[in-house]
2 protein chains.
Amino acid sequence: MTASFRFTMSATDGAARTGTVHTPRGDIRTPAFMPVGTAATVKAMMPESVRATGADILLGNTYHLMLRPGAERVARLGGLHRFMNWERPILTDSGGFQVMSLAGLRKLTEEGVRFKSHIDGSVHHLSPESSMEIQRLLGSDIVMCFDECTPHPATEPVAAESMRLSMRWALRSREAFGDRPGHALFGIQQGSVFRDLREESAEKLRAIGFEGYAIGGLAVGEGQEAMFGVLDYAPGMLPEDRPRYLMGVGKPDDIVGAVQRGVDMFDCVLPSRSGRTGQALTRFGAVNIKNARHLDDPRPLDPECSCPACSQYSRAYLHHVFKAGEILSSMLLTWHNLHYYQELMQGLRDAISAGTLEDFARAFHARRAEGDVEPL
Amino acid sequence: MTASFRFTMSATDGAARTGTVHTPRGDIRTPAFMPVGTAATVKAMMPESVRATGADILLGNTYHLMLRPGAERVARLGGLHRFMNWERPILTDSGGFQVMSLAGLRKLTEEGVRFKSHIDGSVHHLSPESSMEIQRLLGSDIVMCFDECTPHPATEPVAAESMRLSMRWALRSREAFGDRPGHALFGIQQGSVFRDLREESAEKLRAIGFEGYAIGGLAVGEGQEAMFGVLDYAPGMLPEDRPRYLMGVGKPDDIVGAVQRGVDMFDCVLPSRSGRTGQALTRFGAVNIKNARHLDDPRPLDPECSCPACSQYSRAYLHHVFKAGEILSSMLLTWHNLHYYQELMQGLRDAISAGTLEDFARAFHARRAEGDVEPL
């Protein structure tokens, strides 16, 4: 186990980069997709199955874990990795995003946020300092600054005020984080869709200095075009030699476009959540397995996919277990979706290494435009 | 693949027997426990995980499968084994037990049973002939006769009438089953708790002749003492050289007592259903993982168990995922429970082979009397 956290880049292709985030708990190949393990489990998956899909790192949610089972409890039980049986890297968010969305149940001040638990109504407090402490107790490898995710749409003055609060909190996060070799603290750029604010935010973060930089405040309803508009300039404002993480993104085409614009890391509940609602994400686009057209279809979801759902079951079976409300439906479709995401990331990494990202993206879009496999 | 279905006995210990049911799809080591895969899935388990627990055979429910996805559909898709990705033997029940329990929704005649689907209210019919046809379409390796499971309590005249109907249906089942090398048809003894009726039923079944014999009409509310009372004589009424299957049983101590009385095969939803409701079945007895005493317990459920739930997680974690409503809770506890059941069966088989079944049963009961592991 080495004590250092560092990012090495092995190739670029246009704005896109591929490389490795080295951590004492293992390497993270970038561009990387992090499955979401909100409550210390990637829903419907055994951790060894998550690993089998190719995931190098998971994301945990500070808000959920501080409320249940509690950060002190996780620490007493040996930390989040041991608790949830995942020995590789874990990134935790700061809890900021979740508490901000507790409309009516939270109060924001310069100090931090006071809020009521969605589980039992108990009152809690989150600040840069307490978020750093909770993430330390969890044992997170990559810690996120406590920030306010500016809602969309926001006027420029509102976005500016929100971003500046986040930058003051970023400094407090950095100071509270302290010196923790082998662990990383990521700053989060805000500024909504305003280029000047994104630049101001990036400057302030660079002045503080972080092991990595996230692009926050996107994927909050602005749409892909507006998001790509920001991504046309935002990644370039962040230090080239540090990983760049686009929080909460996204759909497969969001990821491809963001990688083309220089993003290295992603997380999203989409593949796991869709899996539980009967939606398979494939190279042909989304397939709704609950659709009656699958009732008698003996073919696999995707004949080229090697995941257990595709290699061992028919669409008819996947349709059946979904309609019957069987847990196996969530298990198989989540597995497929996470497998597909990791395969997509591998494809992106390979294409960047080969200098063929543009071809890769063209083929990606063309295959989705063709749509699902032909009717029987 | 051999085309023969046969039972070989390798050792006895008192009334207990151990041996092998040979089928073209693989051997079934007896005494055997069959996990229940009602709707073409053992709930919350991948079939390879069910196999990893040591299961040689699964049970499928004709009633559920005929309604959804439908037996003809399963046949078109290559049969139940291929459909559900389980290549080893499958036993299907006849549907009789489930339709009889549809109080108010079914009409029983000499011909069979007309009933309404619990899914969509559509009207269906089951008879010895249609049950044989459905089980053939499913591709079941061990087919059960269509019978009426006599409710408990029943007066002797009612039990006699019910049993005689089942015996007429047993003959019709045998005739409808026809000649299917490699597949077996099991007769089902009825007669409630009345010894004379059990003997009459056994005689009638022996006269027809089956590849195996089930003991039906037990585990329907009569209690363990009454059940063991029947099992003190019922297995001995059935041919010694054929497997004996006690339907719908049971709790671990039911199984131990029934094996001591000469039963070879079992099925029960208990281990899988309990797993989904937070109850772990262990060598110490049942452990309710939802109990708050597990909140901070770093110890495994059972330190001597090698299942994933016990070898990779703490009681605190299992408690957490149950309280958080996570699917992983059902996955891990079901796995543990099925693992424990198969380990119990292996212990019984080994003890019978060694001639030490009495010692095994004594140790089994003593350990359960000690109760769960000591408090922290």
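The figures that follow rest on heavy atoms only: side chains count, while hydrogens, waters and symmetry mates do not. Predicted model only: the values in this text are computed from it and were never measured.
The shortest heavy-atom contact between A:Met331 and B:Met331 is CE-CE, 3.8 Å.
Using a 4.5 Å cut-off between heavy atoms, A:Ser330 touches chain B through its side chain atoms alone. For chain B, no part of A:Trp86 is nearby; none of its heavy atoms comes within less than 4.5 Å. B:Met84 touches chain A through backbone and side chain together, each having a heavy atom under 4.5 Å away. For chain B, the nearby parts of A:Met46 are the backbone and the side chain; heavy atoms of each come within less than 4.5 Å. At a 4.5 Å heavy-atom cutoff, the contact between B:Glu326 and chain A is made by side-chain atoms alone. With a threshold of 4.5 angstrom between heavy atoms, B:Ile119 does not approach chain A through any atom at all. Contacts between A:Arg76 and chain B at a heavy-atom distance below 4.5 Å involve the side chain alone, from C-beta outward. Looking at B:Tyr313, the atoms closer than 4.5 Å to chain A (heavy atoms on both sides) all sit in the side chain, from C-beta outward.
For A:Arg114, the CZ atom is loosely surrounded, since the number of other residues' heavy atoms within 6.0 Å does not exceed 12. Around atom CZ of A:Arg283, more than 12 heavy atoms belonging to other residues, nucleotides or ligands sit under 6.0 Å away. Around CZ of A:Phe115, the count of heavy atoms belonging to other residues, nucleotides or ligands within 6.0 Å exceeds 12. Applying the 6.0 Å contact sphere to CZ of B:Arg73 captures more than 12 heavy atoms from other residues, nucleotides or ligands.
In terms of heavy-atom pairs under 4.5 angstrom with chain A, the leader among B:Gly78, B:Ala316, B:Gly70, B:Pro308 is B:Ala316. Between chain B and the options A:Leu295, A:Val74, A:Val42, the largest number of non-hydrogen pairs under 4.5 Å is found for A:Leu295. Note on B:Leu328, B:Leu77, B:Ile327, B:Asn85: by heavy-atom pairs under 4.5 Å with chain A, the leading option is B:Asn85.
Note: A:Phe83 and B:His320 have tilted aromatic rings, judged against thresholds of 30 and 60 degrees for the angle between ring planes.
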